[in-house]
2 protein chains.
Amino acid sequence: MHTQTSCGVTAEQLENFKQACKQHGLRLTPQRVEIFKTVALSKEHPDAEHVFETVRKTMPNVSLDTVYRTLSSLEDLGLVFRVGFSSKARFDADLDEHYHFVCTQCGEVFDVVPSSGEKLSIPPEVQHLGRVQKVNLQFSGLCRRCQAKQKDL
Amino acid sequence: MHTQTSCGVTAEQLENFKQACKQHGLRLTPQRVEIFKTVALSKEHPDAEHVFETVRKTMPNVSLDTVYRTLSSLEDLGLVFRVGFSSKARFDADLDEHYHFVCTQCGEVFDVVPSSGEKLSIPPEVQHLGRVQKVNLQFSGLCRRCQAKQKDL
DNA sequence: ACTTACTTAAGAAAAATTATTAATAAGGAT
DNA sequence: ATCCTTATTAATAATTTTTCTTAAGTAAGT
């Protein structure tokens, strides 16, 4: 069994969080700790507004801006995963099954056309959750060109 | 080889578009045709603003509102695919590999934890495009509860 | 030719996120 | 312990993206 803090976040998780902050020179402010704990505790994939409301219960003065800023920095440290993609909507008329690679730097979107053997099969547990109408698979990272640019510095 | 129109949209694609519009009682306005063609021709996954600018070159009076309205209806007909997820950002502190099923009706997000055999492997052609830092796999559709609600009507 | 959906225009309004600025406080130095 | 530097924060304002309103005109499709 895991060692747990009173609030349910594993001590391991918290320690990991503190280490990552220290490593990147981020100060351990109460707001940051509270926001991290809130996401770590929630099982419902909260949005920024929801985190804001939850944190406000114990820290009535946090601003929504801090929540957004903190969530972004936690994402940068890899401590929190952003579900979905919050950028503006983009469209594609190619309806054949294919995926996308999005460069986090330049924003370019590349098509990934799977070979017949690579096509994604919908896991049975997903079909049990509901009727799947759409599959969205997106990889993101640094594209070749942006990688090269970084090295040029 | 495919039969092509002068502008590069396959006749098949256009025919499919016209049929779908007819089936759903959507009128075949020049704006709708032009917007569809623009997305179909573009290889760059354009956003609404980009479509707007492109369409304006040949139809200087289209409004941005029409572009948004049309793109949405084309998506509803399944003629156009919305890349990424345009909803608000949601966060998850669970960093283990897992996917999500999002209900298009109620918005609830369900976790999909793959069994070891189901885990996604990153295709080599993706690794060739750049350094993958994040994988985002999202299924969407109607969840069980919302399915039941629909039947109850 | 008629009906009715659709579009334009111009503006307002939501909704989500980010920037500005002055005050505050974390964490290292003294 | 206290001081200092600099990141961080609260509060508010601003931006960005998308949708809605209203009204008047246009044109698709039967």
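In what follows, chains are A, B, ... by sequence order, proteins preceding strands, each numbered from 1.
Going from atom CZ of R90(B) over to atom P of dA16(C) covers 11 Å, rounded to whole Å. Between the CG atom of N61(B) and the P atom of dA27(D) there is a distance of 11 Å, rounded to whole Å. As a whole-Å value, the separation of M59(B) CE from dT26(D) C1' is 12 Å. Atom CZ of R32(A) and atom C1' of dA26(C) are 10 Å apart (whole Å). Atom CG in L26(A) sits roughly 10 Å away from atom P in dG27(C) (whole-Å rounding). In this structure, the CG atom of L64(A) is 15 Å from the P atom of dA13(D), given to the nearest Å. Rounding to whole angstrom units, OH of residue Y68(B) and P of dA12(C) are separated by 19 Å. We find that CG of D47(A) is positioned 14 Å from P of dT18(C), with the value rounded to whole Å.
For D76(A) and H24(A), the side-chain atoms include no donor-acceptor pair closer than 3.5 Å. Using modelled atom types, one finds no donor on one side chain facing an acceptor on the other under 3.5 Å when comparing H100(B) with N136(B).
Distance alone, capped at 3.5 Å, places no donor-acceptor pair between the S72(B) side chain and the R69(B) backbone.
You'll find that the side chain of S63(A) is closest to dA11(D), out of dA11(D), dT8(D), dT7(C). Comparing dT9(D), dT18(D), dT17(C) by their nearest atom to the side chain of T70(A) picks out dT9(D). The side chain of V62(B) lies closest to dT8(C) when the candidates are dG27(C), dA28(D), dT8(C).
If you check every strand for non-hydrogen atoms under 4.0 Å, D65(B) touches a base.
Using cut-offs of 30° and 60° for the angle between ring planes, the Y99(A) and F139(A) rings count as perpendicular.
Within the structure, every side-chain polar atom (N or O) of Q31(A) is placed at least 4.0 Å from both OP1 and OP2 of dA26(C). For T29(A) and dT8(D), the shortest distance from a side-chain N or O to OP1 or OP2 is not below 4.0 Å.
Nearest-nucleotide positions on DNA chain C for R69(A) and E49(A) put E49(A) closer to the 5' end.
The base of dT4(C) sits with one of its N or O atoms less than 3.5 Å from a complementary donor or acceptor on the side chain of R27(B).
The pair E49(A)-K88(B) does not count as a salt bridge, with every side-chain nitrogen at least 4.0 angstrom from each carboxylate oxygen.
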